Every structure is written in C-alpha cells, then in structure tokens.
Colleague: 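Please see the structure below; I have some questions.
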Amino acid sequence: MTTHPEAAALLGRSRRLGADPRNTNYAGGNASAKGADIDPVTGRDVELMWVKGSGGDLGTLTEAGLAVLRLDRLRGLVDVYPGVEREDEMVAAFDYCLHGKGGAAPSIDTAMHGLVDAAHVDHLHPDSGIALACAADGEKLTAECFGDAVAWVPWRRPGFQLGLDVAAIKEANPQAIGVVLGGHGITAWGESAEECERNSLHIIRTAEAFLAEKGKAEPFGPVVAGYEALPEDERRRRAAALAPHVRAIASRDRPQVGHFTDSDAVLDFVARAEHPRLAALGTSCPDHFLRTKVRPLVLDLPPTAALEDAVARLAELHAEYREEYAAYYTRHAEPGSPAMRGADPAIVLVPGVGMFSFGKDKQTARVAGEFYVNAINVMRGAESVSSYAPIEESEKFRIEYWALEEAKLQRMPKPKPLATRVALVTGGGSGIGKAIAHRLSAEGACVVVADLNAENAAAVAEELGGADKAVAVTVDVTSEEQIARAFETAALAFGGVDLVVNNAGISISKPLLETSARDWDLQHDIMARGSFLVSREAARVMIAQKLGGDIVYIASKNAVFAGPNNIAYSATKADQAHQVRLLAAELGEHGIRVNGVNPDGVVRGSGIFAGGWGAQRAAVYGVEEDKLGEFYAQRTILKREVLPEHVANAVFALTGGELTHTTGLHVPVDAGVAAAFLR
C-alpha cells in the first residue's frame with residue numbers, strides 16, 4: 001500500500017529532526033501531519049491526522065509507528081471534554097477517533113497535535129528550549145530571545161487541556177511560529193512539512209545562540225579542588241572497581257543493568273561547586289525524570305578517597321536516598337496512586353569518575369544516562385542566563401505516578417527469564433561457547449563474549465546485536481591480568497556480572513608415555529587454573545553486587561569416565577568437576593550457585609575437534625574424522641548426536657530460574673553414556 005504523501009513527508013521530517021540529539025532526546029517528542037484521504041466506506045474525502053504513536057522514536061520512525069486518526073472526531077472531543085480534573089479519560093476516547101485499525105497507539109500529546117490549527121506540528125525536547133522553559137524567568141527570556149515569534153505557555157502536565165491551551169495561544173498569536181512550554185519543551189507548526197521543520201530548527205538554533213551569547217562563562221561555578229577528573233585510565237579502573245557496589249545500590253528493590261559514561265559534560269558538572277545544589281533540584285522535562293528518577297544520588301567524596309571509604313559512604317548515602325524517596329512518595333501519594341515502584345536511584349554521580357545509570361536492560365540504562373546528560377545541558381543553559389527552576393515536586397510526582405504511565409508499564413511484555421542478568425562466557429567465540437552466548441542472549445541476558453581469538457569474539461558479539469546486547473573481550477584465561485580486565489569491561493559495559501560460564505579449553509589427547517610435562521601444564525593452566533582464576537574474579541564481583549549469581553563449568557563426561565590415551569585432558573576435567581563441588585559449598589552463603597555440565601561427543605561446530613582433537617580421537621576409535629559424530633551417537637543409550645545447542649540448553653536450564661535451589665550439580669549432556677553415570 002502506498003504511503004500517503006503527507007505521511008511520507010512527516011516521516012522524512014521526523015527522521016531528520018530525531019537524528020540530531022540537539023533537537024530532541026531518544027523517544028522524546030512527537031510530530032504530526034494532517035491531510036485528506038478517501039474514506040473507503042463512503043468514497044468521499046476525510047480529513048486525517050498522522051502522528052507519532054506512543055513510545056516511538058522520531059529518529060527511527062516508520063509508518064508502522066504512526067497513529068492515524070479522523071480529525072473531525074478528534075476535534076469533536078472538545079464538546080465532550082469533562083474538564084482538567086478528568087482529562088485522563090480523553091486518552092481512551094482517542095480509540096474512537098482512529099481511522100481503520102489506526103496504526104500505533106496514540107500518545108498523550110495527540111490532542112495538542114489535533115487541536116492546533118496547523119497542517120504540520122512538531123513537539124520536541126531540545127536542551128536549548130528546555131533551558132529557557134526551566135529558567136526562573138523563562139517567560140521573560142523567551143520574549144527577549146524570540147520577540148513575538150514564539151509565545152510562552154505556563155507549565156501544564158501533558159494532556160487534553162495542554163492541547164486546548166496551545167491551540168488558544170496560537171489562535172491569539174497568529175504571527176507566532178511556535179511556543180515554549182514551561183518546564184517541558186517546545187512546539188512549532190507550519191502549513192507544510194518544510195515550513196514546520198524550518199520553524200522547529202529556527203526555535204532550537206535561536207535558543208542555542210541566545211544562551212551562547214548571553215550566558216555566563218561558568219554557570220556551574222568554579223572547579224572544586226580535588227574534584228577534577230582523574231586521568232582516563234585511572235578513572236575507568238576506579239569506575240570498574242566501584243561498579244559492582246553501585247549496582248548493588250541501584251538493585252536493592254529489583255535487579256538492574258548498568259551503564260557508565262565519563263563524558264566531558266558529566267565530568268565537568270560533578271567537578272563544579274554548584275553540582276550538589278543543582279542535582280538536588282532534580283530534572284524537569286517529563287521525559288527526563290521518568291527515566292532518571294526525580295534526582296540522582298551524588299557521592300560527596302573526591303575521587304582520590306580510598307575505595308573502601310567511597311563504598312562505605314555510598315552505602316550511607318543510599319540509606320538516606322531511600323528514606324528521602326519514601327518520604328517524597330508519602331508526601332504526594334493519594335488513595336488511588338500506584339504503589340511505590342522502588343526507592344533506589346537510577347543515576348549515581350561520582351566526582352572525578354563519571355556517571356552510572358541503570359534500567360531494566362542495557363538500552364534503558366544507557367538512555368537514562370543520555371537523559372541525565374540532557375538535564376545537565378538544560379541546567380547549564382538555565383543557570384547561564386538565569387537560575388534553574390524545575391517544576392514543583394508535586395508535579396513531578398503526578399507525572400511519575402500518573403495512572404496513564406502505570407497503565408503503560410502494565411502493558412509491557414513479561415521480561416525474559418534472564419532479563420537484567422549479565423553473563424560472561426569464556427571461549428565464547430566458537431563452538432559450545434558461541435552456542436551458549438546465543439542462548440543466554442536470546443533469553444534476555446547481556447553477554448560478555450570472552451575469547452582468545454579477538455576476531456571470533458567480536459563476530460559473536462555483533463551477531464548478538466551489538467553494544468546494547470553484547471561486548472567482546474580478548475582473554476587468555478591463564479592471565480590474571482587479562483581476566484581482571486575482562487571483568488572490568490563487563491562492569492563498565494553492564495554494571496557487573498551475574499552469570500559466568502567456564503567454557504574455554506583445549507584438548508591434548510595422547511597416551512601416558514607420550515604426554516610431556518609441558519602438555520600436562522598447558523592443559524591444566526588453561527582449564528583447571530583458568531577456571532579457578534575466572535571463578536575467583538567472578539566471586540569478587542558477585543559478592544560486591546549482593547545479587548547472588550551463577551557459575552557454570554563446562555566439564556566433560558571424561559571427568560567421570562576413565563578412557564585410554566587421554567590423561568591430561570581427563571584429569572583437568574576431573575579437577576574442574578571438583579571445583580564445582582568445592583565452590584558450591586563455599587559460595588552458597590552469598591547466594592552464588594555453582595553447577596556443571598558434562599558434555600560428550602560434541603563434534604559439529606567444536607573448536608577443539610576442529611583443532612586436531614577430532615583427528616586424534618578418530619584415530620583412536622578407527623573411524624573417519626567426518627564420521628566421528630555419528631560414531632559417538634551410536635555408542636550412546638539414546639543414539640543421538642550431541643550438538644553445541646544441547647549444551648547451551650543445559651546451561652540455561654541451570655540458570656534460567658527454575659532450579660533456584662540447586663547447586664553442586666553436574667548435568668550430563670552425552671545422550672546417555674552408562675559408564676559416566678554419576679553415582
């Protein structure tokens with residue numbers, strides 16, 4: 001079906017505006033177009049409006065993301081509007097205005113787009129516009145900046161009444177190209193898509209130039225001695241050391257995924273004298289504080305403080321934050337308010353180091369951080385020409401605990417079993433490790449793909465969906481330093497680690513008399529020692545996070561079964577198998593479960609078999625190498641070949657939430673080898 005020309009023009013304009021973060025934040029704002037189309041029922045023209053639907057992003061908007069409404073019916077709602085005290089009821093009424101199936105769900109801003117008498121309307125959240133909207137004398141500054149070309153609209157919560165207000169102001173100011181919405185953002189209009197886009201950009205760029213020309217040099221005050229940014233390598237090491245402790249703070253009520261940024265904007269803000277005052281005022285634009293909470297938690301120590309002192313102080317500040325948030329909820333909650341959703345911070349600021357942000361997944365955590373950078377920009381702009389004056393706390397509460405927002409949250413799909421969990425898989429670049437990485441990612445986990453082969457690790461991470469889903473690290477598991485760096489990468493990318501799979505390995509298959517001490521040492525260094533080193537680092541992180549965790553060893557049927565010509569490999573697998581039991585006994589008090597998987601005969605897709613092990617085992621058993629998988633299958637009870645995906649299934653079964661009371665277990669994945677039965 002051909003896209004309507006007005007809808008096509010709207011999509012192009014939306015993507016151009018949304019592609020530039022100076023114009024609006026991620027998933028912030030909306031845009032619309034009005035035009036005539038044929039009513040398939042009557043065959044006559046009908047006036048329609050296409051508008052970005054609820055939850056979409058302007059920069060990536062597609063036709064499927066547009067809500068399509070009949071303009072006559074939408075404007076007819078004015079006659080049945082019950083007043084501002086019941087304006088939320090109008091959102092349900094939008095369903096009766098849809099054209100056909102209506103496309104995406106209409107957002108709360110639909111009324112503003114429909115009631116404003118203009119063919120094209122943009123509502124955006126640019127930092128420069130919000131800076132004026134959140135300045136103490138925003139109305140005066142708006143007039144100074146734009147003259148009568150842009151009008152001022154006092155703060156009003158988004159909804160039907162705001163649409164009526166903006167429509168009335170446009171009608172009363174025919175020369176105006178748009179408005180600044182107090183405490184919120186901007187709205188612009190035009191009779192064509194081109195004119196509307198031009199007017200939006202004029203408002204944004206004019207506000208930017210005004211702030212740059214009129215603003216004072218140091219709106220956040222002077223740098224506080226000792227709060228300057230640490231050198232990059234040092235601050236990232238400090239951030240990685242703090243990350244598990246900060247994640248514990250953000251996850252008291254429910255587990256969260258983390259994101260870290262040390263952008264110049266953040267580092268400058270937390271180094272300046274005014275940052276405690278401004279951070280305490282909180283964010284203002286509704287899109288901001290819905291994602292960042294009303295205010296961040298701010299560490300009040302210099303970056304050179306001892307790590308243990310910083311961790312202890314964060315715990316004290318967290319207790320205070322929770323008390324204050326509970327009091328905030330109590331002050332403003334009404335009998336019909338949704339229950340408190342949690343009292344932990346979404347943003348944690350650390351002077352000299354950077355910002356940690358948290359959410360239900362990596363994208364949500366990253367976007368929360370981006371929104372707080374937007375808030376910093378807004379505060380800078382407002383303080384440069386006036387003083388930052390966000391909307392009242394009571395209004396913030398009305399937005400945060402809005403019944404419509406609660407309904408949107410309730411409509412969210414059920415989280416996947418491993419949502420909010422961060423997995424690190426050694427040997428994740430090929431074979432069994434690759435299959436495990438794919439399965440854990442498919443079940444909702446963020447994945448750190450660790451492999452000696454950097455190219456393979458990067459390829460798997462890209463297959464999993466890139467930086468919001470997975471990151472790659474190059475790791476030789478015999479190196480304590482490289483293992484530590486891998487966990488630091490996990491901490492900076494996702495906040496920490498919850499699930500570790502010890503899968504990296506090689507196989508040296510030789511008779512006893514042909515096995516050298518070097519063979520023995522290499523085999524044990526990689527698998528026995530490597531698993532020990534990885535598990536030790538994992539335990540350090542998991543204990544600091546206070547979220548429990550899972551460690552899974554990919555051992556082998558050979559940990560139990562005694563076969564010929566395999567002394568080094570089988571002995572190190574037996575070592576790994578007993579590590580499972582030892583660590584299960586030791587780490588259980590921290591809620592960390594340790595289990596193992598004993599595969600056998602995983603030939604297809606196996607890096608070990610492709611690296612020479614397959615040829616050696618084929619020679620031992622007197623079969624062709626390409627028939628080895630079939631040979632292994634025929635010697636099993638079930639007569640089935642074991643694939644990497646079957647091992648991945650077992651890892652998920654152990655970690656996916658059903659076996660919550662199981663630790664110290666070894667799960668055979670060998671299609672049935674009686675000699676390897678555990679007893």
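Bear in mind the structure is a predicted one, so any value in this text is a computation, not a measurement.
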Colleague: Please check: side-chain N/O of S357 versus main-chain N/O of A365, any donor-acceptor pairing under 3.5 Å?
Modeller: yes
Colleague: How long is the straight-line distance from CG of L301 back to CG of L317, given to the nearest 0.5 Å?
Modeller: 7.5 Å
Colleague: Side chains of Y388 and S284: do they bring a donor and an acceptor to under 3.5 Å?
Modeller: no
Colleague: Give me the atom names and distance for the closest heavy-atom approach of C134 to G183.
Modeller: SG-CA, 3.8 Å
Colleague: T426 vs V500, test: side-chain contact (heavy atoms from CB on, under 4.5 Å). Steps then yes/no.
Modeller: CA-CA 8 Å; T426 67; V500 167; 5.5 Å; no
Colleague: Just verifying a value: how many Å separate D300 CG and E316 CD, rounded to the nearest 0.5 Å?
Modeller: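 Rounded to the nearest 0.5 Å, the CG-CD separation comes out at 9.0 Å.
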Colleague: Less than 4.5 Å apart, any side-chain heavy atom of V552 and any of T655?
Modeller: yes
Colleague: Can you tell me if K293 uses its side chain to pair, donor with acceptor, with the backbone of D344 under 3.5 Å?
Modeller: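 A pair under 3.5 Å: yes.
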Colleague: For G226, is there any backbone N or O sitting under 3.5 Å from a side-chain donor or acceptor partner on E228?
Modeller: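 Flag set: sc E228 to bb G226 pair under 3.5 Å.
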Colleague: May I ask you to say whether R277 pairs ionically with E383, meaning some side-chain N is under 4.0 Å from a carboxylate O?
Modeller: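 Salt bridge present between R277 and E383.
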Colleague: Inspect the surroundings of CG in D309 and state if more than 12 heavy atoms from other residues, nucleotides or ligands are less than 6.0 Å away.
Modeller: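 More than 12 heavy atoms, drawn from other residues, nucleotides or ligands, come within 6.0 Å of this atom.
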Colleague: Is a donor on one side and an acceptor on the other found under 3.5 Å between the side chain of D451 and the backbone of G429?
Modeller: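 Checked: pair present.
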Colleague: Show the numbers, then the answer: is there a side-chain contact (heavy atoms from CB on, under 4.5 Å) between W402 and I108?
Modeller: CA-CA 12 Å; W402 200 354; I108 191 65; 3.5 Å; yes
Colleague: To the nearest 0.5 Å, what is the distance between CZ (F356) and CG (L242)?
Modeller: 5.5 Å
Colleague: Please find the pair of heavy atoms, one from P351 and one from P303, that lie closest to each other, and give the distance.
Modeller: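 Minimum heavy-atom contact is O-CB, 3.4 Å.
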Colleague: Between E488 and R236, is there a side-chain N and carboxylate O pair less than 4.0 Å apart?
Modeller: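 Here E488 does not pair with R236 in a salt bridge, since their nearest N and O are not under 4.0 Å apart.
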Colleague: Can you measure from CZ (F494) to OG1 (T420) and round to the nearest 0.5 angstrom?
Modeller: 13.0 Å
Colleague: Below 30° counts as parallel, above 60° as perpendicular, anything between as tilted: where do the rings of F220 and F269 land?
Modeller: perpendicular
Colleague: Would you find a donor on one side and an acceptor on the other, under 3.5 Å apart, between the side chain of T489 and the backbone of R485?
Modeller: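 Answer holds: yes.
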Colleague: Passes side-chain contact (heavy atoms from CB on, under 4.5 Å), L17 versus L201? Steps please.
Modeller: CA-CA 8 Å; L17 289 170; L201 292 174; 3.8 Å; yes
Colleague: Tell me whether K434 at atom NZ has more than 12 heavy atoms from other residues, nucleotides or ligands lying less than 6.0 Å away.
Modeller: no
Colleague: Using the rule given for salt bridge (charged side-chain N to carboxylate O under 4.0 Å, His left out), can you reason through K52 versus D122, listing the C-alpha separation, both sets of side-chain angles and the distance that settles it, and then say yes or no?
Modeller: CA-CA 10 Å; K52 191 202 85 170; D122 291 332; over 6 Å; no
Colleague: Determine yes or no for a side-chain-to-main-chain donor-acceptor pair under 3.5 angstrom, with D498 supplying the side chain and G549 the backbone.
Modeller: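 Absent.
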Colleague: Test ring pair (Phe, Tyr, Trp, His ring centres under 6.0 Å) on Y329 and F397; report intermediate values, then the result.
Modeller: CA-CA 8 Å; Y329 179 86; F397 182 87; 5.6 Å; yes
Colleague: Assess whether salt bridge (charged side-chain N to carboxylate O under 4.0 Å, His left out) is satisfied between D262 and R235, documenting all intermediate values.
Modeller: CA-CA 9 Å; D262 55 355; R235 71 173 177 263; 2.9 Å; yes
Colleague: Does a side-chain heavy-atom distance below 4.5 Å link S128 with F210?
Modeller: no
Colleague: Strictly distance-based, threshold 3.5 Å: is any side-chain N or O of R15 a donor or acceptor partner for the main-chain N or O of L61?
Modeller: yes
Colleague: Using a strict 4.0 Å threshold on nitrogen-to-oxygen distance, state whether R237 and E234 make a salt bridge.
Modeller: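 No, R237 and E234 are not salt-bridged.
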Colleague: Just verifying a value: how many Å separate E395 CD and R157 CZ, rounded to the nearest 0.5 Å?
Modeller: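 Answer rounded to 0.5 Å: 7.5 Å.
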Colleague: Could you tell me whether the side chain of L181 reaches within less than 4.5 Å of the side chain of T187, counting heavy atoms only?
Modeller: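 When only atoms from C-beta onward are counted, L181 and T187 do touch, with a gap below 4.5 Å.
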Colleague: Only one of H259, K362, R366 clears side chain to side chain donor-acceptor pair (under 3.5 Å) with D468; which?
Modeller: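 Answer to the side chain to side chain donor-acceptor pair (under 3.5 Å) test with D468 among H259, K362, R366: R366.
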Colleague: Please confirm whether the backbone N or O of H125 pairs with a side-chain atom of T24, one donor and one acceptor, at under 3.5 Å?
Modeller: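 Here the side-chain-to-backbone pair exists.
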Colleague: Could you check whether any side-chain heavy atom of V246 comes within less than 4.5 Å of a side-chain heavy atom of F358, counting everything from C-beta outward?
Modeller: yes
Colleague: If every non-hydrogen atom of D253 is compared with every non-hydrogen atom of G342, which pair is closest and at what distance?
Modeller: OD2-CA, 3.3 Å
Colleague: Is any side-chain heavy atom of H184 closer than 4.5 Å to one of P158?
Modeller: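 A side-chain contact exists here, since the closest heavy-atom pair is under 4.5 Å.
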Colleague: Apply side-chain contact (heavy atoms from CB on, under 4.5 Å) to the pair S200 and L124, showing each step before the final yes or no.
Modeller: CA-CA 8 Å; S200 291; L124 304 171; 3.9 Å; yes
Colleague: Measure the acute angle between the ring planes of Y227 and H275, then classify it against the limits of 30° and 60° as parallel, tilted or perpendicular.
Modeller: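 Geometry flag for H275 against Y227: tilted rings.
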Colleague: Charged N to carboxylate O below 4.0 Å: is that the case for E393 and R331?
Modeller: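 Here E393 pairs with R331 in a salt bridge, since their nearest N and O are under 4.0 Å apart.
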Colleague: Using only atom types and a distance under 3.5 Å, with no angle test, would you say the side chain of N456 pairs donor to acceptor with the backbone of S430?
Modeller: no
Colleague: Does K360 offer a backbone N or O that forms a donor-acceptor pair with the side chain of T364 under 3.5 Å?
Modeller: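 Between the backbone of K360 and the side chain of T364 there is no qualifying donor-acceptor contact (under 3.5 Å).
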Colleague: How are the rings of Y325 and Y401 set to each other: parallel, tilted or perpendicular (split at 30° and 60°)?
Modeller: tilted
Colleague: Should the pair D476-R529 be classified as a salt bridge under the 4.0 Å nitrogen-to-oxygen rule?
Modeller: no
Colleague: Salt bridge (charged side-chain N to carboxylate O under 4.0 Å, His left out) for D361 and K469? Distances and angles first, verdict last.
Modeller: CA-CA 9 Å; D361 52 36; K469 301 289 186 180; over 6 Å; no
Colleague: Let me see the working for N23 and R205 under side chain to side chain donor-acceptor pair (under 3.5 Å), right down to the final yes or no.
Modeller: CA-CA 9 Å; N23 298 336; R205 302 294 175 258; 3.0 Å; yes
Colleague: Which heavy atom in V497 sits nearest to a heavy atom in A490, and how many Å separate them?
Modeller: CG2-CB, 3.4 Å
Colleague: Let me see the working for K396 and E392 under salt bridge (charged side-chain N to carboxylate O under 4.0 Å, His left out), right down to the final yes or no.
Modeller: CA-CA 7 Å; K396 292 180 182 181; E392 293 294 324; over 6 Å; no
Colleague: State plainly whether the residues R593 and D550 are in salt-bridge range, i.e. N to O under 4.0 Å.
Modeller: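 Looking at R593 and D550, the cut-off is met.
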Colleague: Find the distance between OH (Y372) and CE (M355) and round it off to the nearest 0.5 Å.
Modeller: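 Rounded to the nearest 0.5 Å, the OH-CE separation comes to 8.5 Å.
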Colleague: Are any of the side-chain heavy atoms of L464 and H438 separated by less than 4.5 Å?
Modeller: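 They are in side-chain contact.
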Colleague: Is any side-chain heavy atom of L211 closer than 4.5 Å to a side-chain heavy atom of L132?
Modeller: yes
Colleague: Taking side chain as C-beta onward, heavy atoms only, is C145 less than 4.5 Å from T206?
Modeller: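 Yes, close enough: below the 4.5 Å cut-off.
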Colleague: Identify the heavy atoms of G129 and I186 that sit nearest to each other, and give their distance.
Modeller: CA-CG2, 3.9 Å
Colleague: Ignoring hydrogens, what is the shortest heavy-atom contact between A504 and V477? Give both atom names and the distance.
Modeller: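 Closest heavy-atom pair between A504 and V477: CB-CG1, 4.1 Å.
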